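Atom set for the values below is all heavy atoms of this structure, side chains included, hydrogens, waters and symmetry mates excluded. Numbering starts at 1 and runs along the sequence shown. Atoms within a ligand are numbered from 1 in the order they appear, just like the ligands themselves. Bear in mind that the values here come from a model prediction, so they are computed numbers and not experimental data.
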Amino acid sequence: MRDALNGRVAIVTGAGKGLGRAIAERFGAEGATVVVSDIDEAAAKSVADGIAGASYLACDVRDEAQMQALVAHAVDRHGGLHVMVPNAGVGRPEPLLEMDLAAWRAVTSVNLDGVFLSIRYAAPAIIAAGGGTIVTLASVTATTGSPLIGHYAAAKAAVVNLTKTAATEFRPHGVRVNALLPGFIDTDLVTAAQPGFEAALGLPAGGFDGLIAQKQGGYGTPADVAEAALFFASERSRFCTGSGLVLDGGLDASLL
Ligand SMILES: NC(=O)c1ccc[n+]([C@@H]2O[C@H](COP(=O)([O-])OP(=O)(O)OC[C@H]3O[C@@H](n4cnc5c(N)ncnc54)[C@H](O)[C@@H]3O)[C@@H](O)[C@H]2O)c1
């Protein structure tokens with residue numbers, strides 16, 4: 001089946017590369033009209049150019065006015081909004097003992113404030129369109145602590161909680177809200193973090209790959225996450241709201 005999102009208009013934030021790009025391309029292949037958004041306008045345009053019927057708009061998810069403009073773009077240009085994927089996120093390995101408030105906020109402002117703004121301004125448009133779905137990008141780090149990701153993991157745990165509250169408040173309006181909790185997926189975010197993790201864990205250069213092979217059977221792919229996003233975005237998940245799906249090759253299933 002290649003039409004799970006026929007007639008649906010979807011915004012994906014942070015879709016210039018990585019998981020957002022894979023989600024935008026998958027949604028487009030399933031019939032959605034996609035608004036590809038990213039803080040990097042050239043990247044957003046490049047992705048949109050490859051998706052039939054897609055448009056693009058630069059948006060820094062931390063900026064309230066830009067988020068309002070992004071939702072207005074979807075409604076004005078494509079006639080409404082049915083699906084929002086607040087995917088934009090950043091992360092960098094930093095020990096708590098070396099983290100100042102600016103470093104904390106650099107991560108939490110995108111990963112939590114950006115999700116709040118995405119939900120806050122997309123939901124009224126989705127309700128006005130007669131209902132739809134919101135798919136948040138949390139992380140398996142929402143469920144456990146880990147060295148170097150205090151800001152990232154705290155924000156992702158908050159995203160899971162916010163997802164549940166939004167699901168509860170929006171249910172009477174026909175808007176379902178669910179979270180994806182991926183483990184380590186092969187994107188630039190993870191590649192850039194590897195040297196920091198290796199140093200902190202006492203691993204040799206390249207040793208992080210071996211750890212991931214042992215803990216989750218290798219890296220997940222953006223396509224793995226896009227498949228799950230499609231499930232939550234479409235009517236295939238019609239009885240799911242306020243739930244979370246862990247995609248981590250078993251990383252979170254075992255103590256050792
Ligand atoms: N890759 C993984 O292993 C993994 C695992 C769990 C969760 N996630 C989450 O998935 C999402 C996507 O991660 P990814 O691996 O594709 O990252 P990535 O670094 O490959 O891509 C992130 C995209 O977000 C954009 N972006 C950054 N700051 C932004 C801002 N303020 N406003 C708008 N766009 C912004 C970047 O320009 C980039 O295009 C993130 O929320 C991340 O935390 C990723």
Side-chain angles (χ1 to χ4, degrees), residues 11-26 35-48 56-67 69-71 84-93 105-119 121 134-144 146 149 151-160 162-163 179-194 196-197 208-209 211-212 215-216 218-226 228-229 232 244-249 251-252:
I11 294 174
V12 185
T13 71
K17 64 177 179 177
L19 304 188
R21 175 179 187 155
I23 292 167
E25 291 175 347
R26 186 69 203 273
V35 178
V36 179
S37 183
D38 202 284
I39 195 170
D40 180 342
E41 183 173 23
K45 179 181 187 314
S46 162
V47 172
Y56 71 94
L57 192 70
C59 174
D60 180 339
V61 297
R62 298 167 294 185
D63 186 305
E64 194 163 16
Q66 290 185 35
M67 183 58 69
L70 177 62
V71 172
M84 172 54 116
V85 183
N87 163 80
V90 296
R92 60 183 68 87
R105 285 184 173 154
V107 171
T108 58
S109 62
V110 181
N111 294 11
L112 180 56
D113 297 358
V115 177
F116 161 68
L117 291 174
S118 301
I119 291 174
Y121 290 108
I134 299 172
V135 186
T136 59
L137 265 290
S139 160
V140 73
T141 61
T143 66
T144 184
S146 169
I149 57 167
H151 40 18
Y152 184 89
K156 294 302 187 182
V159 166
V160 170
L162 181 61
T163 299
L180 299 175
L181 287 75
F184 289 94
I185 313 296
D186 185 14
T187 69
D188 289 351
L189 182 77
V190 169
T191 304
Q194 281 181 11
F197 279 123
F208 193 72
D209 290 347
L211 182 65
I212 294 304
K215 293 288 190 183
Q216 55 169 54
Y219 292 96
T221 68
D224 292 327
V225 179
F232 276 147
L245 179 63
V246 174
L247 307 98
D248 73 346
L251 174 69
D252 192 41

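- Side-chain contact, T191 with D188: no donor N or O sits under 3.5 Å from an acceptor N or O.
- Under a 4.0 Å criterion applied to the non-hydrogen atoms of Y152, ligand 1 contributes the atoms 6 (C), 7 (C), 8 (N), 9 (C), 42 (C), 43 (O), 44 (C).
- Inter-residue side-chain proximity for L137 and V225 is flagged as met; some heavy-atom pair is nearer than 4.5 Å.
- Protein heavy atom closest to atom 7 (C) of ligand 1, with residue, atom name and distance, is A138 O, 3.1 Å.
- For L19, a nitrogen or oxygen atom sits less than 3.5 Å from a nitrogen or oxygen atom of ligand 1, counting backbone and side chain alike.
- Here the rule is side-chain contact (heavy atoms from CB on, under 4.5 Å) with T163, and of V135, L180, T136 only T136 fits it.
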Exercise. Might you work through the side chain to side chain contact (heavy atoms under 4.5 Å, CB included) test for V107 and R92, ending with a clear yes or no?
Key: CA-CA 8 Å; V107 171; R92 60 183 68 87; 3.8 Å; yes
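- At under 3.5 Å, not a single nitrogen or oxygen of N111, backbone or side chain, sits near a nitrogen or oxygen of ligand 1.
- For P222, the closest heavy-atom approach to ligand 1 does not fall below 4.0 Å.
- Residue L70 forms a side-chain contact (heavy atoms from CB on, under 4.5 Å) with just one option from T13, V61, D63, and that option is T13.
- Of the residues listed (N111, L112, D113), the one engaging S109 in a side-chain contact (heavy atoms from CB on, under 4.5 Å) is D113, and it is the only one.
- For atom 17 (O) of ligand 1, the nearest protein heavy atom (residue, atom name, distance) is L189 CB, 3.5 Å.
- Aromatic ring orientation, F208 versus Y219: tilted (interplanar angle from 30° to 60°).
- Of all atoms in ligand 1, listed by their number and element, those nearer than 4.0 Å to a heavy atom of L137 are 10 (O).
- Closest approach of P222 to A22, counting heavy atoms only: CB-CB, 3.5 Å.
- With a heavy-atom cut-off of 4.0 Å, R62 touches ligand 1 through its side chain alone.
- N87 places a side-chain heavy atom less than 4.5 Å from the side chain of L19.
- In this structure, atom 33 (C) of ligand 1 lies nearest to the protein heavy atom C59 O, 3.1 Å.
- Atom 34 (N) of ligand 1 has its closest protein heavy atom at I39 N, 3.3 Å.
- Of the protein's heavy atoms, G89 O, 3.8 Å lies nearest to atom 22 (C) of ligand 1.
- In summary, the atoms of ligand 1 found under 4.0 Å from a heavy atom of I185, numbered by their order in the structure, are 1 (N), 2 (C), 3 (O).
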Exercise. For K45 and E41, run salt bridge (charged side-chain N to carboxylate O under 4.0 Å, His left out): C-alpha distance rounded to whole Å, both residues' side-chain angles, the deciding distance at 0.1 Å, then the answer.
Key: CA-CA 6 Å; K45 179 181 187 314; E41 183 173 23; over 6 Å; no
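- A donor-acceptor pair under 3.5 Å is absent between the side-chain atoms of D186 and the main chain of G220, judged by distance alone.
- The atoms of ligand 1 that sit less than 4.0 Å from any heavy atom of V190 are 1 (N), 2 (C), 3 (O).
- Scanning the protein for heavy atoms near atom 14 (P) of ligand 1, the closest one is T187 OG1, 3.7 Å.
- If you number the atoms of ligand 1 from 1 as listed, the ones under 4.0 Å from a heavy atom of A88 come out as 33 (C), 34 (N), 35 (C), 41 (O).
- Some N or O of V61 is nearer than 3.5 Å to an N or O of ligand 1, by distance alone.
- Atom numbering of ligand 1 starts at 1 in the shown order; those under 4.0 Å from a heavy atom of D60 are 30 (C), 31 (N), 32 (N).
- Looking only at heavy atoms of the protein, atom 40 (C) of ligand 1 is closest to N87 O, 3.2 Å.
- When each atom of ligand 1 is checked for a heavy atom of F184 under 4.0 Å away, the hits are 3 (O).
- K17 has its side chain out of reach of T187: every pair of non-hydrogen atoms, C-beta onward, lies at least 4.5 Å apart.
- In the vicinity of V90, heavy-atom distances shorter than 4.0 Å reach the ligand 1 atoms 27 (C), 28 (N).
- In this structure, R21 does not count as a contact residue of ligand 1, since none of its heavy atoms falls inside 4.0 Å of the ligand.
- No side-chain heavy atom of D38 sits less than 4.5 Å from a side-chain heavy atom of R21.
- When hydrogens are left out, the protein atom nearest atom 39 (O) of ligand 1 is D38 OD2, 2.6 Å; that is the closest non-hydrogen contact.
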